**Q** 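After the structure tokens below, expect a handful of questions from me.
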Amino acid sequence: MGKPVYQKVRGMHDILPDASHRWEAVEAAYREVVGLYNYREIRNPLLEDTGLFQRSIGDDTDIVGKEMYSFTDAGGDELTLRPEGTAGVVRAYVEHSIAAVEAVTKCYYIGPMFRRERPQKGRYRQFHQAGAEIFGAPPPVVDAEQVVMLAEFLDRIGLGGAVVLFNHLGSGETRRRYRQLLSEHYGARRSELCTDCVRRLETNPLRLLDCKVESCAKMKGDAPKMREILDGADLSLLERFRSLLHAAGVEAREDDRLVRGLDYYTGIVYEVEVEAERGSVVVAGGGRYDDLVAGLGGSETPAAGFAIGLERVLDCLPESPPASVDLFVLVPSPEAEATAASLLLEARRAGLRADLDPRAGSMKAQMKRANKLGSAYVLILGQKELEAGTVAVKDMREGGQVDVDVAAAVKHVLERLGR
RNA sequence: GUGGAUGUAGCUCAGUGGCAGAGCACCGGGUUGUGGUCCCGGGGGUCGUGGGUUCAAAACCCAUCAUCCACCCCA
């Protein structure tokens with residue numbers, strides 16, 4: 001064994017053939033579920049102008065401030081590997097004037113995102129998200145529908161019982177006012193704050209509520225509450241949102257500490273949590289961003305979306321074996337290879353996963369290979385069979401085998417497999 | 001970005017200064033043409049990497065890289 005000259009860059013992972021089938025299954029389930037809700041796929045570039053992310057995610061956020069893979073290309077353009085999916089989707093929505101063609105647009109995406117963070121479990125520098133966005137729809141019906149869709153997806157892949165934590169960030173003016181009030185409340189007792197919170201006063205006052213340091217946490221008790229700032233319309237939206245989720249059987253709890261790390265969120269925001277062996281894991285997050293389309297040059301357009309962390313989802317799912325082979329052909333001698341090739345072709349055209357051992361070793365070695373691949377049936381093309389124009393069909397499960405005419409062998413296996 | 005733990009065979013790990021190991025996996029064999037169980041055998045590691053201490057380093061020291069945990073933040 002040689003020693004590797006290169007290794008994968010930090011925080012990035014190879015999805016090897018022994019694991020990729022799990023990804024395929026999760027992605028297929030996602031496409032299927034969002035298709036039922038009439039979402040269509042959008043495929044955006046991985047690279048965008050750096051300014052797009054600065055404008056949409058916000059200059060003060062951690063993502064823009066210190067986590068982006070940005071560079072100047074040979075032509076002098078400032079480019080960034082996308083750290084999330086929404087910005088690019090909104091950019092495309094505006095750039096292609098989609099609003100002019102249809103009043104409501106629903107699209108989904110699946111793909112890699114890049115953030116230069118310190119990696120750990122469930123946190124990678126290249127990770128994958130499956131997301132969905134809707135444009136041109138006011139709250140709260142579509143917001144609830146997106147959360148239900150998300151729950152349906154999780155349920156389908158075996159992560160039932162997800163819990164939704166939601167909050168209302170206030171829209172536009174109320175949100176700014178609330179940040180101001182929080183900043184004043186905590187700022188008045190600045191000296192008792194931890195160093196992180198002193199920084200938060202400036203960068204993200206909403207995060208002050210989430211501090212776990214005791215002296216800071218104590219101040220939360222008499223801190224102004226979002227609910228006190230929200231107007232009647234906001235509160236009734238929240239209530240309708242809640243009851244729509246309830247009606248769909250989705251467990252949802254209001255959580256006034258819930259804050260999103262991206263500046264474009266307005267109004268209803270949420271996170272989705274599932275129980276895993278190591279505790280509860282947030283596998284998805286989303287919310288409404290009613291100002292973003294206009295912020296990127298489009299007309300005022302209500303919009304909402306979410307993103308699911310696929311690694312986090314997969315980390316919660318059990319290992320599963322890859323697809324096994326339906327039919328394996330044993331080729332004991334070169335004289336049998338032509339017959340083997342045509343049998344394999346016939347089998348594959350009939351939709352069977354079929355293979356042989358390209359090393360052409362002993363029959364025992366080839367049988368071991370067939371067994372390792374989990375083959376249901378093995379066709380044995382021995383000298384005896386070749387001369388008789390037959391092939392031995394062995395049932396690997398039962399262990400028995402029968403001689404069948406070469407021309408009927410694949411059909412025989414298809415019948416036994418019930419296909 | 002900060003603090004901590006870990007890095008020995010493909011995988012899980014034992015080995016605390018004196019010849020690099022186990023289990024599983026992989027490959028082969030157990031007479032004539034047949035897998036899974038069992039028995040026997042085999043290949044594979046410059047002990048993450050680079051320095052240092054020592055007669056002698058997988059082990060001790062320093063650095064570096066990677067993974068994991070906590071923080072920060074987030075999917």
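A note on names: the letters A, B, ... follow the listed sequences, proteins ahead of strands, and every chain is numbered from 1. The structure displayed is predicted, hence computed values, not measured ones.
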**Q** Counting side-chain heavy atoms from CB outward, which of B:U34, B:C27, B:A75 is closest to A:Phe127?
**A**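 The answer is B:A75.
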**Q** When the C1' atoms of B:U12 and B:C71 are considered, how many whole Å apart are they?
**A**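 Comparing C1' positions in B:U12 and B:C71 gives a spacing of 30 Å.
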**Q** Within this structure, what is the CG-to-P distance between A:Asp18 and B:C26, rounded to whole angstrom?
**A** 12 Å
**Q** If I take atom CG in residue A:Leu356 and atom P in nucleotide B:U34, what distance separates them, rounded to the nearest angstrom?
**A** 19 Å
**Q** Taking CG from A:Leu373 and C1' from B:G35, how many angstroms apart are they, rounded to a whole number?
**A** 11 Å
**Q** Select base, sugar-phosphate, or nothing to describe what A:Gln126 touches, counting heavy atoms under 4.0 Å on all strands.
**A** nothing
**Q** Can a side chain N or O of A:Lys121 be found less than 4.0 Å away from OP1 or OP2 on B:A70?
**A** no
**Q** Distance check, C1' atoms only: B:G50 and B:G10, in whole angstrom units.
**A** 26 Å
**Q** Salt bridge or not between A:Glu84 and A:Arg115? Use side-chain N to carboxylate O under 4.0 Å.
**A**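 A:Arg115 and A:Glu84: not salt-bridged.
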**Q** Answer with base, sugar-phosphate or nothing: what part of the nucleic acid does A:Leu310 contact at a heavy-atom distance below 4.0 Å?
**A** nothing
**Q** Between B:C73, B:C27, B:A75, which nucleotide gets closest to the side-chain atoms of A:Glu67?
**A** B:C73
**Q** Any luck finding a side-chain donor-acceptor pair between A:Thr80 and A:Glu48 under 3.5 Å?
**A**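 A:Thr80 vs A:Glu48: no donor-acceptor pair found between side chains.
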**Q** Take A:Ala392 and A:Ser362, find for each the nucleotide of RNA chain B with the closest heavy atom, and name the residue whose nucleotide sits nearer the 5' end.
**A**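 Nearer the 5' end of the strand: A:Ser362.
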**Q** Measuring only the P atom in each nucleotide, how far is B:G35 from B:G23? A whole number of Å is fine.
**A**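 Those two atoms are separated by 24 Å.
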**Q** Take atom C1' in B:A70 and the same atom in B:G18, then report the distance between them in whole Å.
**A** 40 Å
**Q** Please determine, for B:U12, whether a Watson-Crick or G-U wobble partner exists with both distances under 3.5 Å, and give it or none.
**A** B:A22
**Q** Heavy atoms under 4.0 Å, any strand shown: does A:Gly361 hit a base, just sugar-phosphate, or nothing?
**A**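 Here A:Gly361 touches no strand at all.
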**Q** Using modelled atom types and a 3.5 Å cut-off, is there a donor and acceptor pairing between side-chain atoms of A:Lys106 and backbone atoms of A:Tyr37?
**A** yes
**Q** What does B:U34 pair with, Watson-Crick or G-U, if both distances are under 3.5 Å?
**A**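 Looking at the geometry, B:U34 pairs with no nucleotide.
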**Q** Is there a Watson-Crick or G-U wobble partner for B:A70 with both distances under 3.5 Å, and if so, which one is it?
**A**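 Looking at the geometry, B:A70 pairs with B:U2.
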**Q** Is there a side-chain contact between A:Phe71 and A:Glu78, using heavy atoms and a 4.5 Å cut-off?
**A**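 No, their side chains stay 4.5 Å or more apart.
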**Q** Could you list the protein-to-nucleotides 36-40 of chain B atom pairs, N/O on both sides, closer than 3.5 Å?
**A**
from, atom 1, to, atom 2, distance (Å)
B:G36, O4', A:Asn371, ND2, 3.1

**Q** Using atom C1' of each nucleotide, how far apart are B:G21 and B:C69 to the nearest Å?
**A** 29 Å
**Q** Could you work out the separation of B:A56 and B:C72 based on their P atoms and round it to a whole Å?
**A** 48 Å
**Q** Would you confirm whether A:Asp326, through its side chain, and A:Arg353, through its main-chain N or O, come within 3.5 Å as a donor-acceptor pair?
**A**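 A pair under 3.5 Å: yes.
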**Q** Answer yes or no: is there a side-chain heavy-atom contact under 4.5 Å between A:Val142 and A:Arg288?
**A** yes
**Q** In residues 311-318 of chain A, what donor-acceptor pairs under 3.5 Å come from side-chain atoms, sequence neighbours left out?
**A**
from, atom 1, to, atom 2, distance (Å)
A:Glu311, OE1, A:His128, N, 2.8
A:Glu311, OE2, A:His128, N, 3.3
A:Glu311, OE2, A:His128, ND1, 2.7
A:Arg312, NE, A:Gly122, O, 2.7
A:Arg312, NH1, A:Val282, O, 3.2
A:Arg312, NH2, A:Gly122, O, 3.1
A:Asp315, OD2, A:Tyr124, OH, 3.4

**Q** NE2 of A:His128 versus P of B:A75: gap in Å, rounded?
**A**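 Nearest whole value for this atom pair: 16 Å.
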**Q** For the base of B:G35, is there a side-chain donor-acceptor partner from A:Gln401 under 3.5 Å away?
**A** no
**Q** Parallel, tilted or perpendicular, judged at 30° and 60°: which one describes the rings of A:Phe135 and A:Tyr93?
**A**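 If you compare the ring of A:Phe135 with that of A:Tyr93, the planes turn out parallel.
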**Q** Of the nucleotides B:C26, B:G28, B:U34, which has the atom closest to the A:Ala365 side chain?
**A** B:G28
**Q** Which whole number of Å gives the distance between the P atom of B:C39 and that of B:U49?
**A** 35 Å
**Q** Mind calculating the distance between CZ (A:Arg115) and C1' (B:G1) to the nearest angstrom?
**A** 17 Å
**Q** Whether the A:Tyr108 and A:Arg31 side chains hold a donor-acceptor pair (N or O, under 3.5 Å, no angle test) is what I'd like checked.
**A** yes
**Q** Quick one: A:Asp62 CG to B:C73 P, roughly how many Å, whole number?
**A** 7 Å
**Q** Detail all sub-3.5 Å separations between protein N/O atoms and N/O atoms belonging to nucleotides 64-67 of chain B.
**A**
from, atom 1, to, atom 2, distance (Å)
B:U67, OP1, A:Gly11, N, 2.9
B:U67, OP2, A:Arg10, NE, 3.0

**Q** Just name whichever nucleotide pairs with B:U53, Watson-Crick or G-U, keeping both distances under 3.5 Å, else none.
**A**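 B:U53 is paired with nothing.
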**Q** On the side chain of A:Arg123, is there an atom forming a donor-acceptor pair with the base of B:C69 - under 3.5 Å, no angle test?
**A**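 Donor-acceptor pair under 3.5 Å: no.
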**Q** Can you tell me how far C1' in B:A75 sits from the matching atom in B:G36, rounded to whole Å?
**A**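 Rounded to whole Å, the distance is 42 Å.
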**Q** So what does A:Ala370 touch, heavy atoms closer than 4.0 Å: a base, only the sugar-phosphate, or nothing?
**A**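 No contact at all - A:Ala370 keeps every heavy atom at 4.0 Å or more from the nucleic acid.
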**Q** Under 4.0 Å between a side-chain nitrogen and a carboxylate oxygen: does that hold for A:Glu24 and A:Arg22?
**A**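 Salt bridge flag = no for A:Arg22 with A:Glu24.
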**Q** Please give, in whole Å, the distance from B:U34 C1' to A:Asp403 CG?
**A**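 Rounded to whole Å, this separation is 13 Å.
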**Q** Side chains of A:Arg348 and A:Leu344: closer than 4.5 Å at any heavy-atom pair?
**A**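 Result yes, sub-4.5 Å side-chain heavy-atom pair found.
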**Q** Of A:Gln383 and A:Lys66, whose nearest nucleotide on RNA chain B comes first from the 5' end?
**A** A:Gln383
**Q** Are A:Asp395 and A:Arg397 close enough for a salt bridge, meaning some N to O gap below 4.0 Å?
**A**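 Judged by the 4.0 Å cut-off on N to carboxylate O distance, A:Asp395 and A:Arg397 do not form a salt bridge.
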**Q** So which nucleotide does B:U64 pair with, by the Watson-Crick or G-U wobble rule with both distances under 3.5 Å?
**A** B:G48
**Q** Given that both distances must come in under 3.5 Å, which nucleotide forms a Watson-Crick or G-U wobble pair with B:G28?
**A**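 Answer to the pairing question: B:C40, which forms a Watson-Crick or G-U pair with B:G28.
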**Q** Between A:Arg82 (CZ) and B:A75 (C1'), how many Å, whole number?
**A** 13 Å
